[in-house]
Structure formats: C-alpha cells, structure tokens
Amino acid sequence: MLSRILHAFAAPEPQPLPEPDAKLALGALMVRVAKSDMDYQLSEISRIDRLLARLNGLKPIEAAKMRATCEKLDKAAPDTQEFGRLIRETVSMDNRVNALEALWEVVLADGVRREAELTIIENVCEALGLSGADNESARKMAEAGGASSDRGPLSV
C-alpha cells in the first residue's frame, strides 16, 4: 500500500531528448546566447519563438514547444563548438550566415550587448566556418531589423 502511494507521487520519467539536428542546434544556440548573461528575458524568449517560427515554418505554439526542447538541449547538450559543427556540416554557407544573423537578433532583443553574448557569437562564428566580415554583415542585417525574414525557412 505504501509503495503504491509513493509511486503515485513519483515524478514521471522524463521524455528522452531528440538527437539535435541543425534546426535544434541553432535553437539551442539562440537559447545559450540569451541565457549567457544570466538574464533570460521575455524579450529574448519572444524573439527566439518568432525566429524559430520564421526559420522553420512553424506556428507560434509549435515554435514555443521547439524552444522548450531547445532549452533542454542547451542544458544537456554539447558545447557551442559541437552545435556549430553540426550546423556547418549540414547547412549551406548562405544559411549559416542567416543562422548567425538570427543569433545576433537574439543578442539585440533586450537592447544590451553583453560580453558573454559577444563571446558566444564569436565562438559560433568560428564554429560555423564564417569570417569576421560574415559576422559583421550578419550583425548589420540583424540591426536593420532582421532582413532574413524575407528568406523563409532555414534550409538543411
């Protein structure tokens, strides 16, 4: 009897995390950038949801669920270089620049650029095999309002 009562209060087994693909890796990197300053704000969460919806052709609820998965992957998953490598090996050069632009949009979402965020951006840029000029171009596009919004879903 006691074991049935204790079993009823036991937490359910967590669902296993999916194996990250380029889209989940980018989402996890967005979460990592937003959390890097220890101040994960609603503006950043909202921006991530909008970016995931736009880049992956998702509806808002689906994007929020994807972000929740990406938050779990960020906690449990490999380092930034591994996520970057996964994207670099499966995504075209143009789409890697688009991915970097999306990360810049997350950095800019709260209106403050912090050193921790910039460090992750630099590491991701390197992991994606992109140049400083690509990074600068992605930043400018993000500052201009995310011109990648016209580009549609991220192609892998």
Subject >> Donor-acceptor contact below 3.5 Å, side chain Arg88 vs main chain Ala127 >> reply: yes
Original post:
Are the side chains of Leu52 and Glu62 in touch, meaning some heavy atoms are under 4.5 Å apart?
Top reply: no
Original post:
After noting the C-alpha distance and the side-chain angles of Asp49 and Ser46, does the key distance pass the side chain to side chain donor-acceptor pair (under 3.5 Å) rule?
Top reply: CA-CA 5 Å; Asp49 285 355; Ser46 298; 5.9 Å; no
Original post:
Taking C-beta and beyond as the side chain, do Leu29 and Val106 meet within less than 4.5 Å on heavy atoms?
Top reply: no
**OP:** Give the C-alpha distance, both sets of side-chain angles, the deciding distance and a yes or no for side chain to side chain contact (heavy atoms under 4.5 Å, CB included) between Leu103 and Leu26.
**Re:** CA-CA 8 Å; Leu103 291 170; Leu26 177 58; 4.1 Å; yes
Original post:
Are Leu86 and Ile120 connected in the hydrophobic side-chain network, where two residues link if heavy atoms are under 4.5 Å apart?
Top reply: no
Subject >> Worked verdict on Lys65 versus Ile61 for side chain to side chain contact (heavy atoms under 4.5 Å, CB included) >> reply: CA-CA 6 Å; Lys65 288 179 181 179; Ile61 298 291; 3.9 Å; yes
Subject >> Side chain to side chain, Cys70 and Leu24, heavy atoms closer than 4.5 Å >> reply: yes
Subject >> Intermediate values then yes/no, side chain to side chain contact (heavy atoms under 4.5 Å, CB included), Val107 and Arg113 >> reply: CA-CA 6 Å; Val107 169; Arg113 293 183 207 177; 4.1 Å; yes
Original post:
Taking all atoms of both residues into account, what is the closest heavy-atom pair of Gln81 and Asn123, and its distance?
Top reply: NE2-O, 3.4 Å
Subject >> Ala138 to Val97 - nearest heavy-atom pair and separation >> reply: CB-O, 4.0 Å
**OP:** May I ask you to decide if Ala109's main-chain N or O and Arg47's side chain share a donor-acceptor pair within less than 3.5 Å?
**Re:** no
Original post:
Do the side chain of Arg114 and the main chain of Asp37 share a donor and acceptor less than 3.5 angstrom apart?
Top reply: no
Original post:
Any donor and acceptor pair, going by atom type alone, linking the side chain of Arg67 with main-chain N or O of Ile48 inside 3.5 Å?
Top reply: no
Original post:
Taking the side chain as C-beta and beyond, is there a heavy-atom pair between Val112 and Asp39 under 4.5 Å?
Top reply: no
**OP:** Would you please name every residue forming a side chain to side chain donor-acceptor pair (under 3.5 Å) with Asp21, sequence neighbours left out?
**Re:** none
Original post:
Would you say Leu118 and Leu128 are hydrophobically clustered, going by side-chain heavy atoms of ILVMFWY under 4.5 Å?
Top reply: yes
Original post:
Quick one: side chain to side chain donor-acceptor pair (under 3.5 Å) pairs with a partner in residues 126-142, sequence neighbours left out?
Top reply: Trp104-Asn135, Ser131-Asp134, Glu136-Arg139, Arg139-Glu143
Original post:
How about Asp110 and Tyr40: do any of their side-chain heavy atoms sit closer than 4.5 Å?
Top reply: no
**OP:** Look up atom CD in Glu122 and atom OG1 in Thr80, then write down how far apart they are to the nearest 0.5 Å.
**Re:** 12.5 Å
Subject >> Salt bridge flag under 4.0 Å for residues Lys75 and Glu71 >> reply: no
Subject >> Sequence-distant partners of Glu115, salt bridge (Lys or Arg N to Asp or Glu O under 4.0 Å), two or more places apart >> reply: none
Original post:
Can you tell which of Glu117, Lys35, Glu105 makes a side chain to side chain contact (heavy atoms under 4.5 Å, CB included) with Glu44?
Top reply: Glu117
**OP:** Calculate, to the nearest 0.5 Å, the distance between atoms CG and CE belonging to Asn98 and Met93 respectively.
**Re:** 12.0 Å
**OP:** Taking all heavy atoms of Ala116 and all of Ser36, pick out the closest pair and write down the distance.
**Re:** CB-O, 3.4 Å
Subject >> Beyond-backbone contact of Ile121 with Leu100, side-chain heavy atoms, under 4.5 angstrom >> reply: yes
**OP:** Nearest 0.5 Å please: distance from the CZ atom of Arg85 over to the OG1 atom of Thr90.
**Re:** 9.0 Å
